[in-house]
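Okay, so here's the structure we're looking at.
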Amino acid sequence: MFALLAALLFLVALVFAIGGYAVGAVLTVTTLTIAGAVFLALHLGGYGTTWSLRK
């Protein structure tokens, strides 16, 4: 789940970078990239996956 959110945020950041625009001062290419990296880190950390390390 988090990997899909990260991919979506990276895609939106790429579109913003290609288009050369930002939505206000908060939603920029940098903030979308950082948010995507956070979701990717959560996914790689095991959160939002179907398997668990505990058994």
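Position 1 is the first residue of the sequence; numbering continues from there. When reading the values below, keep in mind they use all heavy atoms of this one structure, side chains included, and skip hydrogens, waters and symmetry mates.
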**Asked** side chain to side chain contact (heavy atoms under 4.5 Å, CB included) with Phe39: which residues, sequence neighbours excluded?
**Response** Phe2, Leu5, Ala6, Leu9, Leu42
**Contact summary for Val26 and Thr31, nearest pair of heavy atoms** = O-OG1, 2.9 Å
**Complete:** Separation between OG1 (Thr33) and CZ (Phe16), nearest 0.5 Å, reads 11.0 Å
**Prompt:** Can you name the residues that form a ring-ring contact (aromatic ring centres under 6.0 Å, His included) with Phe10, not counting sequence neighbours?
**Reply:** none
**pair Leu4-Leu8: side-chain heavy atoms closer than 4.5 Å** = no
**Item:** Same apolar cluster: Leu32 and Leu11, side chain cutoff 4.5 Å
**Value:** no
**Request:** Return the set of residues passing side chain to side chain contact (heavy atoms under 4.5 Å, CB included) with Val15 (not counting sequence neighbours), or none when no residue passes.
**Result:** Tyr21
